[in-house]
Amino acid sequence: MVIVGERINSTRKDVLKAIRERDGSLIMDEARRQREAGADYIDCNAAAVGISEEPEALAWVVELVQEATGAPCAIGSPNPEAIRRALEVHSGQAMVNSITAEKSRFEALIPLILEHKAKVIALCIDESGMPSGLEDRLEKGRKVMDMLLDAGIPPSDIYIDPLVLPISIDQGNGISFLKALAKLKELYPDANTIGGISNVSFGLPARRVLNRAFVVLAIGMGIDALIVDPTDGELMSLIFATEALLGRDEFCMGYISAAREGRVRI
């Protein structure tokens, strides 16, 4: 399972304050904690600082994260210029979070993805907006996937995201994501699937309980990568256990190693 650590996001007040004040210690500490907890990629997002400041800020964050951990980054921004600056300072193969089937965004990002040979998260969004229900997710997913494949992106570098949306807004959002996930894996077996798990619980109490339950369901549907908080020890324990139970952990070695290292919570 590929784990993308979600904590360095400027929507969090402490992270936004650290970026604005160039408090590198907080950013580096967050990166280290996530890496030590099992993150394969560290998500970096500085969008809340504003359009004019974001390119410099995002590049600064990426450099700090890689200095602290050596890990690759998932570079997230609505601003293609910020993504360009971040890719220029990134060492190794980055992940771009994210691209859509919206023409303007696709055309702005695809040259950067090709130039830097980056992995990319493909959202099931097109010119008509966010998806609603299963069929709309599938239609938008096929559209963005066909665009990426036609552009020459290797399927193995694509992570399809059917979009986790809050069940507080529509109780069907969770099951629509899960069913779309399974179908997209069937349609594009050489590509990967991914989801931002914590979105499912937005607006509801005891969010971590819902996140932990949903991560088990998503793994059961065959998800390949998770955008989560890896410092949630109970959630990570469930990931190790679920993969072992589903036969996705050869000889249960991942689970055994995690237990021996004290990373499985009892």
Side-chain angles (χ1 to χ4, degrees), residues 1-7 33-43 71-72 74 95 97 119 121-122 124 134 137-138 141 155-168 171-202 204-266:
M1 180 66 64
V2 174
I3 302 296
V4 179
E6 69 182 7
R7 293 180 58 84
R33 287 179 62 215
Q34 292 183 93
R35 184 63 164 171
E36 290 167 3
D40 300 291
Y41 289 82
I42 308 296
D43 198 46
M95 179 183 287
N97 182 14
K119 296 178 182 289
I121 296 174
C124 294
L134 173 60
R137 279 176 167 81
L138 294 177
S156 59
D157 283 346
I158 302 172
Y159 288 75
I160 317 168
D161 186 347
L163 279 178
V164 178
L165 298 175
I167 57 171
S168 58
Q171 67 183 33
N173 276 334
I175 192 64
S176 292
F177 172 87
L178 295 171
K179 288 182 176 179
L181 176 74
K183 184 62 177 179
L184 288 166
K185 283 184 66 65
E186 180 184 325
L187 291 171
Y188 303 99
D190 296 326
N192 308 282
T193 51
I194 193 169
I197 296 300
S198 62
N199 292 338
V200 78
S201 62
F202 182 80
L204 293 170
R207 292 185 63 185
R208 286 194 170 193
V209 175
L210 291 164
N211 297 344
R212 293 165 187 166
F214 196 58
V215 85
V216 172
L217 294 172
I219 296 171
M221 285 294 193
I223 200 167
D224 300 294
L226 299 162
I227 304 172
V228 293
D229 177 0
T231 67
D232 181 345
E234 284 76 11
L235 182 142
M236 292 297 289
S237 297
L238 287 170
I239 292 172
F240 292 125
T242 306
E243 289 213 287
L245 290 165
L246 291 174
R248 295 180 58 173
D249 178 7
E250 190 171 10
F251 302 114
C252 299
M253 289 308 300
Y255 180 82
I256 292 169
S257 296
R260 286 174 175 169
E261 294 165 7
R263 292 192 290 143
V264 173
R265 300 283 179 88
I266 300 173

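Residue numbers count from 1 along this sequence. These numbers were taken from a predicted model, which means no experiment stands behind them.
- The existence of a salt bridge linking Asp43 and Arg7 is excluded, since no basic side-chain nitrogen approaches an acidic carboxylate oxygen closer than 4.0 Å.
- A salt bridge between Arg208 and Glu234 is absent, with no side-chain N of the basic residue lying under 4.0 Å from a carboxylate O of the acidic one.
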(message) Walk me through whether Leu210 and Arg207 qualify under side-chain contact (heavy atoms from CB on, under 4.5 Å).
(response) CA-CA 5 Å; Leu210 291 164; Arg207 292 185 63 185; 5.7 Å; no
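- Between Ile227 and Ile121 there is a side-chain heavy-atom pair separated by less than 4.5 Å.
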Would you give me the side-chain donor-acceptor pairs under 3.5 Å for residues 173-180, sequence neighbours excluded?
unit_1: Asn173; atom_1: ND2; unit_2: Pro166; atom_2: O; d: 2.7
unit_1: Ser176; atom_1: OG; unit_2: Gly172; atom_2: O; d: 3.0

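- Environment of CD in Gln171: sparse, with no more than 12 heavy atoms of neighbouring residues, nucleotides or ligands closer than 6.0 Å.
- Applying the side chain to side chain donor-acceptor pair (under 3.5 Å) test to Ser237 and every residue at least two apart in sequence or in another chain returns nothing.
- For the pair Leu187/Lys183, a side-chain contact is recorded, criterion being any heavy-atom separation below 4.5 Å from C-beta on.
- Atom CG of residue Leu163 and atom SG of residue Cys124 lie 6.0 Å apart, to the nearest 0.5 angstrom.
- Nearest heavy atoms, Pro230 versus Glu6: CD-N, 4.4 Å.
- With Ile160 as reference, Leu184 is the one residue of Leu181, Ile194, Leu184 to meet the side-chain contact (heavy atoms from CB on, under 4.5 Å) rule.
- Here CD1 of Ile42 is found 11.5 Å from CE of Met95. Values are rounded to the nearest 0.5 Å.
- Between atom CG of residue Leu226 and atom OG1 of residue Thr193 there is a gap of 8.5 Å, rounded to the nearest 0.5 Å.
- Between the CD1 atom in Ile223 and the OH atom in Tyr159 there is a gap of 11.5 Å [rounded to 0.5 Å].
- Arg212 CZ to Ile197 CD1: the interatomic distance, rounded to the nearest 0.5 Å, is 13.5 Å.
- Neither side chain, Gln34 nor Thr231, offers a donor N or O lying under 3.5 Å from an acceptor on the other.
- A side-chain N or O of Asn211 and one of Ser201 form a donor-acceptor pair less than 3.5 Å apart.
- Using a 4.5 Å heavy-atom cutoff, the side chains of Val264 and Met236 are not in contact.
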Report all side-chain donor-acceptor pairs from residues 239-247 shorter than 3.5 Å, counting only partners two or more places apart or in another chain.
unit_1: Thr242; atom_1: OG1; unit_2: Leu238; atom_2: O; d: 2.6

(message) Walk me through whether Met1 and Ile219 qualify under side-chain contact (heavy atoms from CB on, under 4.5 Å).
(response) CA-CA 9 Å; Met1 180 66 64; Ile219 296 171; 3.8 Å; yes
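- Inter-residue side-chain proximity for Asp224 and Val2 is flagged as unmet; no heavy-atom pair is nearer than 4.5 Å.
- Under the 4.5 Å side-chain criterion, counting only non-hydrogen atoms from C-beta, Val228 is in contact with Ile3.
- Between Val164 and Phe214 the shortest side-chain heavy-atom distance falls below 4.5 Å.
- Panel note: side chain Asp249, backbone Gly254; a donor-acceptor pair is recorded below 3.5 Å.
- Taking CZ of Arg263 as the start and CD of Glu36 as the end, the distance is 11.0 Å to the nearest 0.5 Å.
- Nearest heavy atom pair, residue Val4 against residue Ala74, reads CG1-CB, 3.9 Å.
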